[in-house]
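Take a look at the structure set out below.
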Amino acid sequence: MANVIEKLIEEIKLVVNESLKKACSSGELPEVLVPEILIEIPREKEHGEFSTNVAMQITKQAKKAPRQTAEIIIKNMNLENTYIEKVECAGPGFINFYLNLKWLYETIKVIQAEREDYGKINLGNGAKVMVEFVSANPTGPLHMGNARGGALGDCIANVLKAAGYDVTKEFYINDAGNQIEKFGKSLEARYIQLLLGEDAVPFPEDGYQGEDIKDHMRDYISINGDKLLNTESSDRQKILVEYALPINLQRIRTALKNYGIEFDVWFSEQSLYDSGELEETLKFIKENGYTVENEGAVWFKASQFGAEKDEVIIRNNGLPTYFASDIAYHRNKFLKRKFDRVINLLGADHHGHVARMKAAVSSMGIDSDKLDVVLFQLVRLFKDGEAYRMSKRTGRAVSLNDLLEELGKDGERNDEEAIIYGKDAARFFFNMKASGSHLDFDMSLAVQKSNENPVFYVQYAHARICTIITQAKEKEGVEIPDVNSVDLTKLDKKEELDLIKALAQFPEEVRISAKTLEPSRLTRYVLDVAGYLHSFYHACHIRGEEENIMKARLLLIDSTRTVIRNVLSILSISAPERMD
RNA sequence: GCGCCUGUAGCUCAGUGGAUAGAGCAACCGCCUUCUAAGCGGUUGGCCGCACGUUCGAGUCGUGCCAGGCGCGCCA
């Protein structure tokens, strides 16, 4: 788990620190309180590999112009046995560090040694973290919000894994409460209407209108007939829910699997009722005086814990709200299952839930900073430039299955290829943009103009590497050599060095993505790497070159292949070996 | 009315308080007898919504406006 860049930054920090000490003790600089030395990677390549602003930060203390301070710091540096080749003062007082190429060759060696582990870091130190995402209402199919939240949540979990956390992916099944009741009433109404005619009973005003409800009941009737007609209504609803809910859940599972997502835990809301945890939780909150009764309902005093207003936890009909079971659920996450950190993904339209959930967590004596809520903006689907909302078939919003099907369809693909393609394209698109940005997804662009699709750009780079490696072996008899038997200094062209620099950046990208919970950063990174690979491909040949060059370049593209694979594996996007 | 999110090139978006603000698409000009042209190279294109403030330094932080999205006691 070597992070070459991190090591270099440490080395430079040390050099700067030593130099400051020396300058202070010799009286060239007054005694200064050195702030945390910040080493950054300049945007402009002419400014070196790394730079620091320390001279400007201590301007006041040093009582000198920043450039003058910078010169003093540079003069006192000891660069022996470091990767630093040259140090310059530039601009308003930056100190720029130029490295010798050794660190790039070191990077190739690290990648060759670590293979599929390259990019893994130990930021998390094995801390137990749960990522709860999708958690779709099981009364119907997955929609676009679930699709974005799913791609995002799954990748956040994967990034955290790569960053050294012990990650659990969890789906919270809302199989209790109001919407299940609504589900039961909708099923019941369709059941009766199908058997006795449309006018036999009115359909509930707020019921689920979708065609899938009718389909469930057609199937049910074809198996079980009309025997529930004389059953008492509440029992009938219960039986119908018990029939349809597992089918819906199974469909959700399958859809998610096709989408590349497999959860470690499927956690039932109903189980919180059954185990008594909900009751225990409510008792705890009440006994600590965190509730108040008003208008026949019981309220949680969320305002006492920083939220804007109080929230109902038990309605005046005596039934707990969703919020009540969510409190019990979080008690379970933190106190029963002892997660160090919990990350919930929520559509931005649920942002009102954040403050009250944090308040509830605080009320149970848990540090609310341990709960992160990632809000993602909703998705607007477009097709041929027009908003595309409803699926005609189901009368519902476009489902994840519809999307994958739509993206994957192409006369030449078989069903299996279509699903994989749809998954790759959808996941790539959903993870190209930061979670907070609104996302317009134009399906016609992802399907018709597939040659402009960025997912191809990356996969093509990977396939290109695979082809070259295969042909080098078959036609030249040269295999990827052992890294220690090759003269890596043969890699000295601009395109080669740029490519290696990009590869060196990978562990750093993982660290930042994990810290900011933004896997979109990795999507853009892998696009970058692919770009450098394509540029290299056009500037440098492999087959037909002199043997030492051929071997060094084979190692370079093999290392590139490793990085592309590792990133795509975090994103759960396939890395095909050929595209034709 | 209050709260959360967003505002950067024609479009879609990057941009961890740093130096001359970037990419893709679109437009235009080049490159296939050479390992995949699903590719490469180049040109054009910016009051970073507006105004103050903090700072050696602001697209980035703070305050106030403006515009869009979302939410606001017994839905989830």
Side-chain angles (χ1 to χ4, degrees), chain A residues 38 40-44 46-47 51-53 55-60 65-66 90-94 96 135 137 174 177-179 182 206 294-299 302 308-317 319-323 325-326 347-355 375-378 380 432-442 445 449-457 459-461 463-472 475-476 495 508 511-512 515-516 518 520-521 524 527-528 530-531 533-545 550 553 557 578-580:
Chain A
L38 218 72
E40 49 194 18
I41 299 171
R43 220 173 354 216
E44 301 291 326
E46 304 85 71
H47 296 145
S51 77
T52 180
N53 60 350
M56 291 180 287
Q57 282 183 304
I58 60 171
T59 297
K60 279 185 180 165
F94 289 101
N96 294 338
S135 298
N137 194 332
N174 299 132
N178 224 22
Q179 78 282 2
K182 218 159 82 178
D206 59 347
N294 192 15
E295 298 171 33
V298 179
W299 300 64
E308 264 194 75
K309 50 189 172 50
D310 297 342
E311 300 289 339
V312 172
I313 49 174
I314 298 176
R315 297 183 289 225
N316 61 13
N317 64 7
L319 295 174
T321 59
Y322 170 82
F323 182 48
S325 48
D326 216 13
D349 54 339
H350 289 70
H351 71 253
H353 197 54
V354 179
L375 294 171
F376 55 92
Q377 295 294 326
L378 299 184
R380 289 190 304 175
M432 270 211 299
K433 293 173 189 177
S435 50
S437 73
H438 298 264
L439 196 150
D440 292 340
F441 194 120
D442 193 328
L445 197 129
K449 302 185 190 170
S450 54
N451 55 331
E452 286 160 18
N453 191 327
V455 66
F456 281 121
Y457 188 78
Q459 293 184 325
Y460 186 49
R464 203 165 226 184
I465 294 170
C466 292
T467 306
I468 298 171
I469 289 174
T470 308
Q471 294 201 0
K475 298 188 177 164
E476 310 275 338
E495 288 79 4
E508 215 24 38
R511 191 183 65 79
I512 298 171
K515 257 196 139 145
T516 56
E518 269 303 350
S520 61
R521 195 182 168 97
R524 277 179 251 113
L527 275 166
D528 257 12
L533 184 276
H534 289 309
S535 298
F536 161 81
Y537 173 87
H538 284 271
C540 307
H541 254 252
I542 292 181
R543 277 180 52 203
E545 292 287 331
M550 193 168 15
R553 287 182 179 166
I557 62 167
R578 44 185 308 130
M579 295 178 77
D580 39 24

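So that the names make sense, note that chain A is the first sequence line, chain B the second, and so on, each numbered from 1. The model shown is predicted, which means the values in this text are computed figures rather than measured ones.
Judged by atom type and distance alone, A:D528 does not reach the base of B:rA14 through any side-chain donor-acceptor pair under 3.5 Å. Side-chain to base pairing of A:T321 with B:rA76: no donor and acceptor N or O lie closer than 3.5 Å to each other. For B:rG3, its base sits under 3.5 Å from the side chain of A:H351 at one donor and acceptor pair at least.
In this model, a donor atom of one side chain and an acceptor atom of the other lie less than 3.5 Å apart for A:E518 and A:S435.
Between A:G93 and A:A55, the shortest heavy-atom distance links the atoms O-CB, 3.6 Å. Between A:K309 and A:E311, the shortest heavy-atom contact is NZ-OE2, 3.0 Å. The minimum heavy-atom distance between A:E495 and A:S535, with the atom names listed, is CG-O, 4.0 Å.
Between A:S51 and A:A348, the residue anchored nearer the 5' end of RNA chain B, judged by the nucleotide with its closest heavy atom, is A:S51.
If you take atom C1' in B:rC31 and the same atom in B:rA37, they sit 9 Å apart, rounded to whole Å. Atom name C1', nucleotides B:rC50 and B:rG59: the rounded distance is 14 Å, in whole Å. Spacing between B:rG30 and B:rU44 at atom C1', rounded to whole Å, works out to 15 Å. Taking the C1' atoms as reference points, B:rC65 lies 22 Å from B:rG71, given to the whole Å. Atom P of B:rC61 sits at a distance of 15 Å from the matching atom of B:rC4, rounded to the whole Å. B:rG42 and B:rG53 have their P atoms separated by 42 Å, given to the nearest Å. Comparing the C1' positions of B:rC48 and B:rA58 gives a spacing of 11 Å, expressed to the nearest Å. Rounded to the nearest Å, the gap between the C1' atom of B:rC2 and that of B:rU8 is 29 Å.
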Open item on the list: Could you write out RNA chain B as dot-bracket? Rules: Watson-Crick or G-U wobble, both distances under 3.5 Å, brackets [ ] for crossings, | for pairs with another strand, dot for unpaired.
Closed with: (((((((..((((....[...)))).(((((.......))))).....(((((..]....))))))))))))....
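OP1 or OP2 of B:rC13 has at least one side-chain nitrogen or oxygen of A:K433 nearer than 4.0 Å. An OP1 or OP2 oxygen of B:rA23 is reached within less than 4.0 angstrom by no side-chain nitrogen or oxygen of A:Y457. Dashed line: the shortest gap from a side-chain N or O of A:R464 to OP1 or OP2 of B:rA37 is under 4.0 Å. Using a 4.0 Å cut-off, some side-chain N or O of A:S535 falls inside it from OP1 or OP2 of B:rG41.
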TODO: Show your working on side-chain contact (heavy atoms from CB on, under 4.5 Å) between A:F536 and A:I557 and close with a plain yes or no.
DONE: CA-CA 9 Å; A:F536 161 81; A:I557 62 167; 3.4 Å; yes
Task: Chi angles and distances behind the side-chain contact (heavy atoms from CB on, under 4.5 Å) call for A:H47, A:F94 - done: CA-CA 9 Å; A:H47 296 145; A:F94 289 101; over 6 Å; no
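Ring planes of A:Y322 and A:H353: tilted class, angle from 30 to 60°.
Side chain of A:N96, nearest nucleotide from B:rA19, B:rC13, B:rC5: B:rA19. The side chain of A:H541 lies closest to B:rU34, out of B:rU34, B:rA19, B:rG15.
The CG atom of A:N174 sits 5.5 Å away from atom CD of A:Q179, with the distance rounded to the nearest 0.5 Å. In this structure, CG in A:N178 is found 10.0 Å from OG1 in A:T321, a value given to the nearest 0.5 Å.
Nucleotide B:rC4 holds its P atom 13 Å from the NZ atom of A:K309, rounded to whole Å. Rounded to whole Å, atom P of B:rA38 lies 17 Å from atom CG of A:L527. Atom-to-atom, CD of A:E308 to P of B:rC2 comes out at 11 Å; the value is rounded to the nearest Å. In this structure, A:D349 places its CG atom 20 Å from P of B:rG3, rounding to the nearest Å. At whole-Å resolution of the value, CD in A:E518 and P in B:rG15 are 8 Å apart. What separates NE2 of A:H438 from C1' of B:rG68 is a distance of 8 Å, to the nearest Å. If you measure from atom NE2 of A:H538 to atom P of B:rC31, you get 15 Å, rounded to the nearest angstrom. Rounded to a whole Å, the CE atom of A:M432 is 8 Å from the C1' atom of B:rG24.
In terms of the salt bridge (charged side-chain N to carboxylate O under 4.0 Å, His left out) criterion, residue partners of A:E508 (sequence neighbours excluded) are, by chain and number, A:R511. For A:Y457, the ring pair (Phe, Tyr, Trp, His ring centres under 6.0 Å) partners are A:H534, not counting sequence neighbours. Remark: A:R464 pairs with no residue by the salt bridge (charged side-chain N to carboxylate O under 4.0 Å, His left out) rule, at least two apart or across chains.
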Check: protein-nucleotides 9-11 of chain B nitrogen or oxygen pairs below 3.5 Å:
none

Show the distances under 3.5 angstrom between N or O atoms of the protein and N or O atoms of nucleotides 55-62 of chain B.
unit_1: B:rC56; atom_1: OP1; unit_2: A:K60; atom_2: NZ; d: 2.8

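A distance cut-off of 5.5 Å between ring centres, combined with a plane angle under 30°, places A:F94 in a stacking arrangement with the base of B:rA19.
For B:rC32, the glycosidic angle deviates from 0 by 90° or less, giving a syn base.
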